[in-house]
Trainee: 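I'd like to ask you about the structure that follows.
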Amino acid sequence: LLNALTFLINFRVFEGVIAVYFAYVTGSYALAMGVLVAIHVSAGLFEVPTGVFSDRIGRRATMIVYHIAVTAGTICIYFATSAELLFVAAIFMGFGMAMRTGAVSAYVYENLETLGKVDAFKKFEGGRQALGRWGLVVSGILGTALIYFYDMHTAVLATIVSYLAAVVLSLWLVDVRALEQGKSNVYADLADAWRLFTSDVSLRNI
């Protein structure tokens with residue numbers, strides 16, 4: 001199930017022409033690049049709160065929210081006729097990216113640990129990530145055909161279909177490890193992280 005989700009969420013049919021598509025909508029390559037920047041800036045800003053959120057609600061719920069967020073962002077991209085809606089889409093996409101960061105790998109590791117199969121983590125995670133790459137390859141080939149015979153709008157629509165399928169499948173995920181509520185103090189965790197950041201030269205350089 002997780003492998004299928006990884007393939008579907010990497011099935012971004014319009015990925016190769018996303019900057020061109022944004023420029024087509026906005027009428028400006030500068031605005032198009034601004035939208036791309038906004039996606040990654042919002043992802044960076046959301047990193048800390050979404051990391052805490054993930055610890056609180058569990059990995060399964062985190063991944064469901066992630067799939068919903070990126071789907072909502074892609075739907076906004078599809079219906080956008082101006083830069084304004086594209087920037088709204090950028091926030092959704094950035095939020096989704098932040099929710100996903102580390103959550104999927106943590107989900108795999110924690111469930112394997114609970115099942116006593118933690119030694120298989122590299123095998124499972126490597127295979128899952130490889131399927132993600134294949135998702136990009138297949139979507140790139142299909143995207144080329146769709147854009148050639150139809151248009152970029154159709155490529156975005158195909159991506160939405162893939163993402164909607166991922167949202168439905170994500171509802172079947174199961175957290176093997178029970179949530180450990182109340183065992184983490186957000187402020188203490190942030191203080192520890194800052195202390196390590198300031199004292200560890202290697203960590204700071206990274």
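Quick note: residue numbers are just sequence positions, from 1.
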Trainee: Using modelled atom types only, decide if a donor and an acceptor are shared between the side chain of Thr62 and the backbone of Ala103 within a distance under 3.5 Å.
Mentor: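 No: the side chain of Thr62 does not pair with the backbone of Ala103.
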Trainee: Is a side-chain donor-acceptor pair under 3.5 Å present for Asp151 with Thr154?
Mentor: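 Distance-only check passes for Thr154 and Asp151.
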Trainee: Do Phe14 and Thr74 make a side-chain contact, defined as non-hydrogen atoms from C-beta onward lying under 4.5 Å apart?
Mentor: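 Yes, close enough: below the 4.5 Å cut-off.
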Trainee: In chain order, what residues pass the side chain to side chain donor-acceptor pair (under 3.5 Å) check against Thr71, with sequence neighbours excluded?
Mentor: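 With neighbours one apart ignored, the set is empty.
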Trainee: Going through the checks in order, is the side chain to side chain contact (heavy atoms under 4.5 Å, CB included) test met by Ile77 and Phe22?
Mentor: CA-CA 8 Å; Ile77 291 172; Phe22 289 167; 4.0 Å; yes
Trainee: Looking at Tyr107, I want to see if its OH is surrounded by more than 12 non-hydrogen atoms of other residues, nucleotides or ligands under 6.0 Å.
Mentor: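 More than 12 within 6.0 Å, yes.
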Trainee: Does Leu112 share a hydrophobic cluster with Val174, counting links as ILVMFWY side-chain heavy atoms below 4.5 Å and allowing steps through other members?
Mentor: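 Shared cluster, no.
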Trainee: For Ala106 versus Arg59, what's the shortest heavy-atom pair and its separation?
Mentor: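 Minimum heavy-atom contact is CB-NE, 3.7 Å.
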Trainee: Nearest 0.5 Å, please: how far is NE2 in His67 from CE in Met99?
Mentor: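 Output value for this atom pair is 11.5 Å.
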Trainee: Are the side chain of Ser42 and the backbone of Ala90 linked by a donor-acceptor contact shorter than 3.5 Å?
Mentor: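 Yes, the answer is positive, given that a donor and an acceptor are paired below the 3.5 Å cut-off.
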Trainee: Heavy-atom distance under 4.5 Å between the side chains of Arg60 and Ile64, does that happen here?
Mentor: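 Arg60 vs Ile64: side chains touch.
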Trainee: Counting distance only, does the side-chain N/O of Tyr78 pair as donor-acceptor with the main-chain N or O of Gly73 below 3.5 Å?
Mentor: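 No.
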Trainee: How many angstroms lie between atom OG of Ser170 and atom CD1 of Ile68, to the nearest 0.5 angstrom?
Mentor: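 Interatomic distance, Ser170 OG to Ile68 CD1, rounded to 0.5 Å: 6.5 Å.
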Trainee: Set out, in order, the CA-CA distance, both residues' side-chain angles and the distance that settles side chain to side chain contact (heavy atoms under 4.5 Å, CB included) for Val20 and Tyr29, then state yes or no.
Mentor: CA-CA 8 Å; Val20 179; Tyr29 274 102; 4.3 Å; yes
Trainee: I'd like to check Val35 versus Phe87 (side-chain heavy atoms, cut-off strictly below 4.5 Å). Are they in contact?
Mentor: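 Contact flag for Val35/Phe87 side chains = yes.
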Trainee: Okay, side chain of Asp200, backbone of Leu196: is any donor-acceptor separation there less than 3.5 Å?
Mentor: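 No, because the side chain of Asp200 does not come within donor-acceptor range (under 3.5 Å) of the backbone of Leu196.
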Trainee: Table please: side-chain donor-acceptor pairs of residues 131-150 below 3.5 Å, with sequence neighbours left out.
Mentor:
from   : atom 1 : to     : atom 2 : distance (Å)
Ser139 : OG     : Gly135 : O      : 2.9
Ser139 : OG     : Leu136 : O      : 3.0
Thr144 : OG1    : Gly140 : O      : 2.8

Trainee: For residues Val167 and Tyr163: do they belong to one hydrophobic cluster (side chain heavy atoms under 4.5 Å, members Ile, Leu, Val, Met, Phe, Trp, Tyr)?
Mentor: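 No; Tyr163 is not reachable from Val167 via cluster members.
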Trainee: Drop me the distance from Met63's CE to Ile57's CD1, to the nearest 0.5 angstrom.
Mentor: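 One gets 10.5 Å once the value is rounded to the nearest 0.5 Å.
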Trainee: Atom NE2 in His153, atom OH in Tyr21: separation rounded to 0.5 Å?
Mentor: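 Interatomic distance, His153 NE2 to Tyr21 OH, rounded to 0.5 Å: 3.5 Å.
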Trainee: Answer whether the closest heavy-atom distance between the side chains of Ile91 and Phe46 falls below 4.5 Å.
Mentor: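 Side chain of Ile91 against side chain of Phe46, heavy atoms only: contact under 4.5 Å found.
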Trainee: Show me the donor-acceptor pairs within less than 3.5 Å that the side chains of residues 116-127 make with the rest of the protein, sequence neighbours left out.
Mentor:
from   : atom 1 : to     : atom 2 : distance (Å)
Glu125 : OE1    : Arg128 : NE     : 3.0
Glu125 : OE2    : Ser105 : OG     : 2.6
Glu125 : OE2    : Arg128 : NH2    : 2.6
Glu125 : OE2    : Gln129 : NE2    : 3.1

Trainee: Might you point out which heavy atoms bring Ile9 and Arg12 nearest each other, and give the distance in Å?
Mentor: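 Reported closest heavy-atom pair: O-NH1, 3.5 Å.
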Trainee: I'd like to know if Ile39 and Leu45 are part of one continuous hydrophobic network [Ile/Leu/Val/Met/Phe/Trp/Tyr, side-chain heavy atoms within less than 4.5 Å].
Mentor: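 Different clusters.
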Trainee: If you look at every heavy atom in Ala83 and Leu31, which pair is closest and at what distance?
Mentor: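 Closest pair (atom of Ala83, atom of Leu31, distance): CB-CD1, 4.1 Å.
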Trainee: Are Leu86 and Met33 joined in one hydrophobic group, where the rule is that I, L, V, M, F, W and Y side chains link up if heavy atoms are under 4.5 Å apart?
Mentor: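 Result: yes, single cluster for both.
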Trainee: Rounded to the nearest 0.5 Å, what's the gap from CH2 on Trp172 to CG on Leu1? Could you check?
Mentor: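 So the gap between those two atoms works out to 9.5 Å.
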Trainee: For residues Phe7 and Ile160: do they belong to one hydrophobic cluster (side chain heavy atoms under 4.5 Å, members Ile, Leu, Val, Met, Phe, Trp, Tyr)?
Mentor: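 Result: no, two separate clusters.
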Trainee: What heavy-atom pair brings Leu36 and His40 nearest, and what distance separates the two atoms?
Mentor: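 Between these two residues, the closest heavy atoms are O-CD2, 3.2 Å.
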Trainee: Looking at every non-hydrogen atom in both residues, tell me the closest pair between Ala23 and Ala32 and how far apart they are.
Mentor: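 That closest heavy-atom pairing would be N-CB, 3.4 Å.
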Trainee: Report yes if some heavy atom in the side chain of Leu5 is under 4.5 Å from a heavy atom in the side chain of Leu173; otherwise report no.
Mentor: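 Sidechains of Leu173 and Leu5: in contact.
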Trainee: Indicate the atoms forming the closest heavy-atom contact of Ala4 with Leu169, along with that distance.
Mentor: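 What the structure gives for the nearest pair is CB-CD1, 4.3 Å.
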Trainee: Check whether any side-chain N or O of Tyr66 sits under 3.5 Å from a backbone N or O of Thr101 as a donor-acceptor pair, and report yes or no.
Mentor: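 No, because the side chain of Tyr66 does not come within donor-acceptor range (under 3.5 Å) of the backbone of Thr101.
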